[in-house]
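See structure below.
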Amino acid sequence: MKLQSLTSLGVLAVIGFTSCQSGSKKTSSTDSLKGDSITVVKLVADSFKKEIDSKQTALYTLKNKNNAEAIFTNYGGRLVSLLVPNKEGKLVDVVVGFKSVNDYEKSTEPYFGATIGRYGNRIAKGKFTLEGKTYSLFTNNGQNTLHGGKKGYQYVVWDATQQNANTLVLHYLSKDGDENFPGNLDVKVTYTLTDDNELKMDYEAKTDKTTIVNLTNHAFFNLNGDGSGEILNHEVQIYADEYTPVDSTLIPTGKIEKVKGTPFDFTKATTIGARINDKNEQLTFGKGYDHNYVLNKTKAMGMFHAATVKGDKSGIVMDIYTQEPGLQFYSGNFMQSKNTFKTGAKDDFRTAIALETQHFPDSPNQPTFPSTVLKPGQVYKTSSVYKFTK
């Protein structure tokens, strides 16, 4: 998280997603493009139009010169679909999601594709102390607070501005006391789809009272395509020599430990399933991988190279770059076949993964972790890039 003075507001990070609000073309929500076991569902704009909390939701489509597409809804600032070419040049939807805003509202998994805030990941027992005052949050993950509390940013309707074909800007004013967090937090997220098949995410926030901030996006990826089955044969490389082990409630212990010699070692490309069932207390606590990696600051594209993931069937490679110090690797361990994706497939156990760029979980209660405190007069600015090649 970069903090800059208000005088530097003129230089804004651009997280653009080329996006046009779709809605002129009417298609059936069951229409799809099929070929070689690839199914790409044509989303219907009208299925994403609804008034929620007196604000209008909609669907926004970003498209680049390669015909790649990133499709968002402003309900929860969600990435609904991401079409990128596979090794044969055919478009594959690598983000799992739903085909209507109603499906997102009723989903038992609230975070599919969502922009997460005010604090991504967990806060122990829903409590933290700032400037001598203790704040108590709603505990929505056992005894802990997860991803902002009862009504995190995944449930709000963001103000959306289509700047051009490649860029969607989302804005939300999180008011003082929202979910018991202090300060009016003015948040802007810019999503951009570049002609290099990069999905860029630029986050910016200001506050009028000392608060904590940790923003991210919770896209669930399957690089073989939405509804294509388990992700256990995806190859993953994470540019981290250390991670933060957790207790049984998935709160970091405060220690930072080496991954070498453990199932958490992804310093070389390894399939997700290679060691996920090893006898290991940390894997038992997470029901698989659900842990924060401490990035080793390998530089690429002017950022830290966080991870490389390859779909075993599609040949699609996703590289993640970020200015954040950490990456949460989640192997879909709590997917329970209770929701139906846009392809008609169920959200079965481990059929998608999340790789969330972030500051560390429970940082407000861990003085040795990088700080997530934001004060008046400072600007929270951070960028992440998800780049797709074949």
Side-chain angles (χ1 to χ4, degrees), residues 109 111 116 119-126 139-147 214 216 218 220-222 230-298 304-309 320 322 324-336 348-370 372:
E109 162 58 66
Y111 306 117
I116 298 297
Y119 195 94
N121 221 304
R122 295 174 174 85
I123 296 176
K125 299 180 181 178
T139 51
N140 62 330
N141 186 242
Q143 66 181 18
N144 305 316
T145 297
L146 175 64
H147 293 327
N214 194 24
T216 191
H218 209 310
F220 281 68
F221 295 99
N222 186 320
E230 290 185 338
I231 43 72
L232 296 179
N233 288 324
H234 279 47
E235 286 189 351
V236 172
Q237 183 173 5
I238 301 176
Y239 298 90
D241 304 307
E242 299 170 316
Y243 79 114
T244 52
V246 296
D247 64 19
S248 62
T249 72
L250 301 183
I251 291 293
T253 62
K255 296 179 180 179
I256 293 178
E257 295 185 355
K258 299 289 186 182
V259 298
K260 187 175 182 179
T262 77
F264 293 87
D265 188 351
F266 285 90
T267 52
K268 295 181 179 179
T270 306
T271 61
I272 295 171
R275 297 168 303 206
I276 199 168
N277 295 316
D278 284 7
K279 290 185 178 180
N280 177 279
E281 183 180 61
Q282 288 294 305
L283 289 175
T284 299
F285 287 162
K287 300 185 185 302
Y289 298 107
D290 193 4
H291 295 74
N292 170 67
Y293 281 76
V294 180
L295 299 181
N296 61 19
K297 300 184 178 181
T298 296
F304 302 144
H305 197 172
T308 301
V309 185
I320 303 172
T322 188
E324 291 294 288
L327 181 78
Q328 185 80 8
F329 174 32
Y330 170 59
S331 54
N333 316 310
F334 297 98
M335 301 174 75
Q336 300 176 352
D348 294 334
F349 184 59
R350 292 177 180 162
T351 54
I353 59 172
L355 293 153
E356 304 148 76
T357 58
Q358 62 176 11
H359 267 55
F360 302 170
D362 199 37
S363 289
N365 297 310
Q366 303 282 355
T368 62
F369 286 0
T372 54

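Each residue takes its place number in the sequence, starting with 1.
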Is the shortest heavy-atom distance from the side chain of [X] to the side chain of [Y] under 4.5 Å?
X: Leu327; Y: Phe304; result: no
X: Thr145; Y: Asn140; result: yes
X: Ile353; Y: Val309; result: yes
X: Ile251; Y: Val246; result: no
X: Phe221; Y: His234; result: no
X: Pro245; Y: Phe264; result: no
X: Glu356; Y: His147; result: yes
X: Asp362; Y: Arg122; result: no

Will you find, in the side chains of Asn144 and Asn141, an N or O donor that is under 3.5 Å from an N or O acceptor? no
Classify the side-chain pair Asn214/Thr372 by whether it contains a donor and acceptor separated by less than 3.5 Å. no
Is it true that His291 and Tyr293 have ring centroids separated by less than 6.0 Å? no
Please list every donor-acceptor pair under 3.5 Å in which a side-chain atom of residues 266-273 meets a protein atom from a residue at least two apart or in another chain.
| from | atom 1 | to | atom 2 | distance (Å) |
| --- | --- | --- | --- | --- |
| Thr267 | OG1 | Asp265 | OD1 | 2.5 |
| Thr270 | OG1 | Lys268 | O | 2.8 |
| Thr271 | OG1 | Ala274 | N | 3.3 |

Pairs under 3.5 angstrom only: tabulate donor-acceptor contacts from the side chains of residues 328-336 to other protein residues two or more places apart or in another chain.
| from | atom 1 | to | atom 2 | distance (Å) |
| --- | --- | --- | --- | --- |
| Gln328 | OE1 | Asn121 | ND2 | 3.0 |
| Gln328 | OE1 | Asn292 | N | 3.3 |
| Gln328 | OE1 | Gln358 | NE2 | 3.1 |
| Gln328 | NE2 | Asp290 | O | 3.1 |
| Gln328 | NE2 | Asp290 | OD1 | 2.9 |
| Tyr330 | OH | Asn333 | N | 3.4 |
| Tyr330 | OH | Phe334 | N | 2.9 |
| Ser331 | OG | Tyr289 | N | 3.0 |
| Ser331 | OG | Tyr289 | O | 3.2 |
| Ser331 | OG | Asn333 | OD1 | 2.5 |
| Ser331 | OG | Asn333 | ND2 | 3.4 |
| Asn333 | OD1 | Arg350 | NE | 3.2 |
| Asn333 | ND2 | Gly286 | O | 3.1 |
| Asn333 | ND2 | Tyr289 | O | 3.0 |
| Gln336 | OE1 | Lys338 | NZ | 3.1 |

Main-chain N/O of Tyr239 paired with Gln237 side-chain donor or acceptor, under 3.5 Å: no
Which distance, rounded to the nearest 0.5 Å, do you find between the [atom1] of [X] and the [atom2] of [Y]?
X: Asn233; Y: Glu235; atom1: CG; atom2: CD; value: 9.0 Å
X: Leu250; Y: Phe285; atom1: CG; atom2: CZ; value: 9.0 Å
X: Thr262; Y: Lys260; atom1: OG1; atom2: NZ; value: 11.5 Å

Determine the minimum heavy-atom distance between [X] and [Y], stating which atoms define it.
X: Thr322; Y: Ala306; result: CG2-CB, 4.1 Å
X: Gly120; Y: Ile116; result: CA-CG2, 3.6 Å
X: Thr249; Y: Gln143; result: CG2-NE2, 3.7 Å
X: Ala240; Y: Val294; result: CB-O, 3.1 Å
X: Gly254; Y: Phe369; result: O-CE1, 3.8 Å
X: Pro364; Y: Tyr119; result: CD-OH, 3.3 Å

